[in-house]
Amino acid sequence: MARADPAGYAGAVLDVTAMIPPGKVLTYGDIAELLACGGPRQVGRALSLAARDVPWWRVLRAGGRPAQGLAREARSRYDDEGTALAVPADPVDEDDYRVVLAEARWWPSPAQQDALARLGASVSRPAP
DNA sequence: AGGATGACATTAC
DNA sequence: GGTAATGCCATCC
């Protein structure tokens with residue numbers, strides 16, 4: 001293997017997602033960058049396999065929009081946490097909204113980055 | 001072994 | 001400013 005254990009990588013992604021503070025969000029690419037392993041699609045897949053006990057709504061795409069189908073459920077969380085939302089003047093649907101990444105994007109502290117980096121390295125190289 | 005899929009990113013219009 | 005098309009990486013059939 002030496003590439004990445006599915007459960008290990010998923011665990012790392014879930015750990016990052018769980019450490020994101022309320023009102024803040026991260027993109028799939030950012031998590032992949034923090035783990036320094038895999039790509040944005042792998043992060044999304046890991047979250048899809050994750051249980052609902054993790055704040056998956058704090059992880060969204062580069063366009064500032066969560067996964068389709070979960071937008072309605074995620075909107076309640078944003079409203080509850082006070083996340084910066086951008087809603088058009090005439091929304092066609094409840095899912096027609098956007099998160100202001102410029103205001104809601106969160107970046108971990110250097111110590112957090114280091115922890116995440118070695119965590120990603122740990123899962124990327126489970127050691128023989 | 002090879003091709004298709006997926007909770008995406010980036011670039012171009 | 002947002003939408004459309006193309007590419008990337010890893011896993012599953």
Side-chain angles (χ1 to χ4, degrees):
Chain A
M1 334 240 268
R3 269 180 192 117
D5 278 329
Y9 190 80
V13 173
L14 295 178
D15 200 5
V16 179
T17 306
M19 82 193 319
I20 299 176
K24 292 293 181 181
V25 296
L26 274 180
T27 64
Y28 296 91
D30 286 350
I31 294 180
E33 191 73 10
L34 287 169
L35 294 176
C37 180
R41 304 200 75 105
Q42 276 58 37
V43 178
R45 190 165 296 269
L47 281 171
S48 67
L49 298 173
R52 307 231 192 254
D53 295 322
V54 298
W56 49 264
W57 53 86
R58 289 176 193 163
V59 183
L60 34 123
R61 312 188 298 187
R65 209 166 95 174
Q68 192 170 17
L70 302 175
R72 187 170 67 94
E73 190 172 348
R75 193 161 184 264
S76 300
R77 316 291 180 174
Y78 299 141
D79 184 54
D80 186 45
E81 296 181 358
T83 308
L85 295 180
V87 184
D90 188 22
V92 295
D93 289 281
E94 286 296 317
D95 301 348
D96 188 13
Y97 69 96
R98 211 168 315 180
V99 178
V100 184
L101 285 175
E103 295 293 327
R105 184 182 265 188
W106 169 76
W107 195 254
S109 191
Q112 303 270 41
Q113 292 183 31
D114 183 60
L116 295 174
R118 65 185 164 80
L119 180 61
S122 184
V123 297
S124 71
R125 202 149 109 170

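The model shown is predicted, which means the values in this text are computed figures rather than measured ones. Throughout, a chain's letter reflects where its sequence line sits, starting with A, and its residues are numbered from 1.
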Sub-3.5 Å donor-acceptor pair from the side chain of T27(A) to the main-chain atoms of D30(A), do we have one?
-> yes
Using whole Å, report how far CZ of R58(A) lies from P of dA7(B).
-> 22 Å
According to a strict under-4.0 Å criterion, is R98(A) in side-chain N/O contact with OP1 or OP2 of dG2(C)?
-> yes
note: L47(A), atom CG; dC9(C), atom C1'; distance rounded to Å ~ 16 Å
Which nucleotide in dA9(B), dC9(C), dA7(B) has an atom nearest any side-chain atom of S48(A) = dA7(B)
Say whether, by atom type as modelled, one donor and one acceptor occur between the side chain of R72(A) and the main chain of D95(A) under 3.5 angstrom.
-> no
Does P40(A) or R45(A) map to a spot on DNA chain C nearer the 5' end, using the closest nucleotide for each?
-> P40(A)
Pairwise distance CH2(W106(A)) to OG1(T83(A)) - rounded to 0.5 angstrom = 13.5 Å
Ignoring the backbone of A62(A), work out which of dG6(B), dT10(B), dA7(B) is nearest its side chain.
-> dT10(B)
Nearest-angstrom distance from the residue atom CD of E33(A) to C1' of dA9(B) | 11 Å
Send over the distance from L49(A) CG to dA7(B) P, rounded to a whole Å.
-> 9 Å
Find out whether the Lys NZ or Arg CZ of R75(A) is both under 6.0 angstrom from the six-membered ring centre of Y97(A) and within 45° of the ring's axis.
-> yes
Decide yes or no, distance alone: a donor-acceptor N/O pair under 3.5 angstrom between the base of dA9(B) and the side-chain of Y28(A).
-> no
Could you check how far CG of L101(A) sits from C1' of dA9(B), rounded to whole Å?
-> 13 Å
Measure the distance from CZ on R61(A) to C1' on dG2(C) and round it to the nearest whole Å.
-> 13 Å
Is E81(A) salt-bridged to K24(A), going by a charged N under 4.0 Å from an acidic O?
-> no
Take atom CZ of R105(A) and atom P of dA9(B), then tell me their distance rounded to the nearest Å.
-> 9 Å
Whole angstrom value for the distance that separates P of dA7(B) from CD1 of I31(A) = 15 Å
Selected nucleotide, minimal atom distance to T27(A) side chain, candidates dA10(C), dA9(B), dA7(B) | dA9(B)
